[in-house]
There are 2 protein chains.
Amino acid sequence: MSPQANSQLHQSDVARSSGKSGMSEAVRLFGMPELGAAGMPAERNSEIYGESEPADYVYKVVSGTVRTYRVLSDGRRQISGFHVAGDVFGFELGAEHSDSAEAIVDCNIMFVRRSTLLAASQRNHEIARVLLTMTGHELQRARDHSLLLIKSAHERVASFLLEMAQRLSSKSEIELPMSRQDIADYLGLTIETVSRTLTQLQGEAAIKLLGSRRIVVRNPSALTELDD
Amino acid sequence: MSPQANSQLHQSDVARSSGKSGMSEAVRLFGMPELGAAGMPAERNSEIYGESEPADYVYKVVSGTVRTYRVLSDGRRQISGFHVAGDVFGFELGAEHSDSAEAIVDCNIMFVRRSTLLAASQRNHEIARVLLTMTGHELQRARDHSLLLIKSAHERVASFLLEMAQRLSSKSEIELPMSRQDIADYLGLTIETVSRTLTQLQGEAAIKLLGSRRIVVRNPSALTELDD
DNA sequence: CGTCAAGTTGAGGTTCCTCAACGCGGGTGG
DNA sequence: CCACCCGCGTTGAGGAACCTCAACTTGACG
């Protein structure tokens with residue numbers, strides 16, 4: 001599925017994204033009238049773009065959560081990142097996407113043409129700077145993810161919970177939009193190991209499970225010790 | 001160790017870097033007179049910059065091989081990349097380096113001030129474009145590295161050999177500049193597992209070991225099958 | 001020829017995966 | 001309204017992959 005001209009949301013609807021600290025530059029970027037950003041809904045589990053499709057658009061999450069992932073020939077899937085409101089995804093340097101993107105829950109998405117963005121960056125230094133900063137942030141996240149993958153299962157789950165607590169909740173209670181399978185594929189573990197580890201963390205009084213997707217961080221320092 | 005004004009190599013000495021396909025843009029970048037690139041030697045195992053030091057310089061390998069890495073609090077080390085002649089490293093968006101860099105063998109290194117580079121990119125669209133492309137390449141490599149880390153030991157070692165064969169040799173014979181410990185820390189394995197896996201690959205007639213650092217790829221397709 | 005770092009090999013242990021059964025909850029149809 | 005079903009999650013038992021610890025080998029260099 002590629003974005004069509006039938007943008008079913010008005011810009012005014014999608015412009016009030018949450019835009020957490022740090023990434024607010026990307027919010028401004030999509031708000032620039034010269035880029036002609038449009039909006040569209042993406043329903044749960046629908047594909048936004050696929051690996052090796054032409055990378056003609058760059059996307060921003062307005063609401064909901066998106067996963068980007070790559071699959072190996074034998075079907076193993078690695079989720080390279082979760083993208084929440086305010087996050088930009090799908091920006092590539094090559095002509096084709098190197099990963100796929102799917103909505104985890106019903107989402108609202110904005111998009112701009114990549115060619116428009118690149119052309120604008122030739123004229124506008126500010127846009128060029130934001131593009132570089134965005135790519136640099138992605139690089140940072142990719143490296144953090146690599147570092148995550150050399151840790152033990154306990155440490156990976158703890159790091160994941162801290163990351164999610166920081167990114168999608170202000171309080172200590174986390175509402176996870178993704179399934180155990182998504183978490184497992186992000187952490188390079190199996191769903192059973194993720195489940196067992198969460199149970200263990202609860203046993204250590206580090207967290208409390210309120211239903212499978214609601215988690216309270218009870219003892220953040222216990223998680224932080226596992227994180228670094 | 002930070003680069004000093006005492007550039008002990010003339011530009012003419014260091015300008016003839018090998019500059020393999022693709023990354024040749026970076027070569028041109030360091031050749032631009034307005035950037036005032038300078039050169040320096042870096043001897044085997046010496047630090048080029050350290051984690052959380054100010055990221056005042058951007059570097060390019062002229063000759064030799066460099067490792068960049070991060071360490072966890074308990075001493076585990078992850079090598080995020082090996083950098084050979086023509087590769088750029090040490091470019092950060094933040095004020096501080098997020099990894100460390102060391103020369104694996106005696107190297108010649110060029111460097112430019114980051115502030116000079118960023119200032120130049122404001123005036124020169126070509127430089128801005130090269131910076132973005134460079135960062136994008138790094139992003140691609142970081143993601144490939146993440147994907148590597150979810151594979152089995154066999155697959156990781158095979159992928160590593162293919163990567164090295166492609167990057168630092170034209171023939172099928174590879175001369176590895178790095179130790180087993182470096183390889184292990186790059187692949188998220190132990191030296192024993194790396195050693196055993198190489199022995200096994202030799203047993204499967206996929207490779208031939210000529211001394212610990214010289215390897216002949218005997219059956220590339222056997223490695224490629226493990227790679228994707 | 002001796003020394004020392006680097007690499008290899010072996011034995012045993014730990015972590016995580018695999019396969020399987022069971023539990024829970026939300027939706028649908030009788 | 002209840003019963004059933006089905007996807008999702010949890011728990012258990014056993015096995016495979018990789019790690020740890022230790023001994024031995026190799027090769028480079030004085």
Side-chain angles (χ1 to χ4, degrees), chain A residues 44-45 67 72 74-79 102 104-106 148-161 174-204 207-215 226, chain B residues 43-45 65 67 72 74-79 102 104-106 148-161 174-204 207-215 226:
Chain A
R44 185 175 129 87
N45 288 330
R67 60 177 167 251
L72 296 176
D74 65 352
R76 276 174 294 180
R77 179 181 71 159
Q78 180 181 51
I79 292 186
E102 289 174 357
I104 291 180
V105 296
D106 289 348
L148 182 74
L149 295 175
I150 71 166
K151 301 184 193 175
S152 72
H154 253 76
E155 294 168 320
R156 293 186 215 185
V157 173
S159 299
F160 169 75
L161 290 175
I174 315 173
E175 178 83 36
L176 295 176
M178 71 288 287
S179 69
R180 292 288 186 271
Q181 187 65 63
D182 286 335
I183 300 173
D185 289 349
Y186 180 64
L187 299 180
L189 300 170
T190 59
I191 51 177
E192 294 95 332
T193 299
V194 171
S195 181
R196 272 186 259 268
T197 305
L198 286 171
T199 310
Q200 275 182 267
L201 286 173
Q202 180 169 233
E204 298 160 7
I207 62 172
K208 184 155 175 47
L209 301 167
L210 313 172
S212 64
R213 302 206 178 186
R214 287 178 53 211
I215 297 180
L226 291 170
Chain B
E43 70 181 16
R44 187 175 129 86
N45 288 330
T65 306
R67 61 178 167 250
L72 297 176
D74 65 352
R76 278 173 294 180
R77 179 181 72 159
Q78 181 181 50
I79 292 186
E102 288 174 357
I104 291 181
V105 296
D106 290 347
L148 182 73
L149 294 175
I150 72 167
K151 302 185 193 174
S152 71
H154 254 75
E155 295 168 319
R156 291 187 216 184
V157 172
S159 299
F160 169 75
L161 290 175
I174 315 172
E175 176 84 37
L176 295 175
M178 71 288 287
S179 70
R180 292 288 186 270
Q181 187 64 63
D182 287 336
I183 300 173
D185 289 350
Y186 180 65
L187 299 180
L189 300 170
T190 59
I191 50 176
E192 294 94 332
T193 299
V194 171
S195 181
R196 272 187 260 268
T197 305
L198 286 172
T199 309
Q200 275 182 268
L201 286 174
Q202 181 170 231
E204 298 160 8
I207 61 171
K208 183 154 177 49
L209 300 168
L210 313 172
S212 64
R213 301 204 178 187
R214 287 178 55 210
I215 298 179
L226 291 170

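Note on naming: letters A, B, ... go to the chains in the order of the sequence lines (proteins, then strands), and numbering restarts at 1 for each one.
- In this structure, the side chain of B/Ser195 does not engage the main chain of B/Ile191 through any donor-acceptor pair within 3.5 Å.
- Following rounding to the nearest Å, B/Asp182 (CG) and C/dG7 (C1') show an atom-to-atom distance of 14 Å.
- At a non-hydrogen distance threshold of 4.0 Å, A/Glu192, A/Ser195, A/Arg196, A/Thr199 from residues 186-202 of chain A come into contact with DNA chain D.
- Heavy atoms only, all atoms of each residue included: B/Ile79 and B/Tyr186 are closest at O-CD1, 3.3 Å.
- B/Arg76 has its CZ atom 13 Å from the P atom of C/dT15, to the nearest Å.
- Rounded to whole angstrom, the span from the NE2 atom of B/His154 across to the C1' atom of D/dA16 amounts to 14 Å.
- Interatomic distance, CG of B/Leu187 versus OG1 of B/Thr193, reported as 10.5 Å (0.5 Å rounding).
- Between B/Ser152 and A/Arg76, the shortest heavy-atom contact is N-NH1, 4.1 Å.
- What separates CD of B/Gln181 from P of C/dG7 is a distance of 9 Å, to the nearest Å.
- B/Arg213 comes within 4.0 angstrom of the backbone, heavy atoms only, and of no base.
- Counting to the nearest Å, the C1' atom of C/dG27 and the CZ atom of A/Arg44 are 13 Å from each other.
- With rounding to whole Å, B/Ile150 atom CD1 is found 16 Å from D/dA17 atom C1'.
- Proximity of B/Asn45 to B/Arg67: side-chain heavy atoms (C-beta onward) are separated by under 4.5 Å at one or more points.
- The distance from the CD1 atom of B/Ile215 to the CD atom of B/Gln202 is 9.0 Å, given to the nearest 0.5 Å.
- Closest approach of B/Pro177 to B/Arg213, counting heavy atoms only: O-NH1, 3.1 Å.
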Scan nucleotides 24-30 of chain D nucleotide by nucleotide, 5' to 3', and note B when protein non-hydrogen atoms come under 4.0 Å of the base, S if they reach only the sugar-phosphate, - if neither. -------

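- If you measure from atom CE of A/Met178 to atom C1' of D/dG7, you get 19 Å, rounded to the nearest angstrom.
- Note that CD1 of B/Ile207 and CD1 of B/Ile174 are 8.0 Å apart. Values are rounded to the nearest 0.5 Å.
- A/Arg156 contributes a side-chain N or O that, together with a main-chain N or O of A/Gly188, makes up a donor-acceptor pair within less than 3.5 Å.
- Taking atom CZ of A/Arg214 as the reference point, atom C1' of C/dG25 lies 15 Å away to the nearest angstrom.
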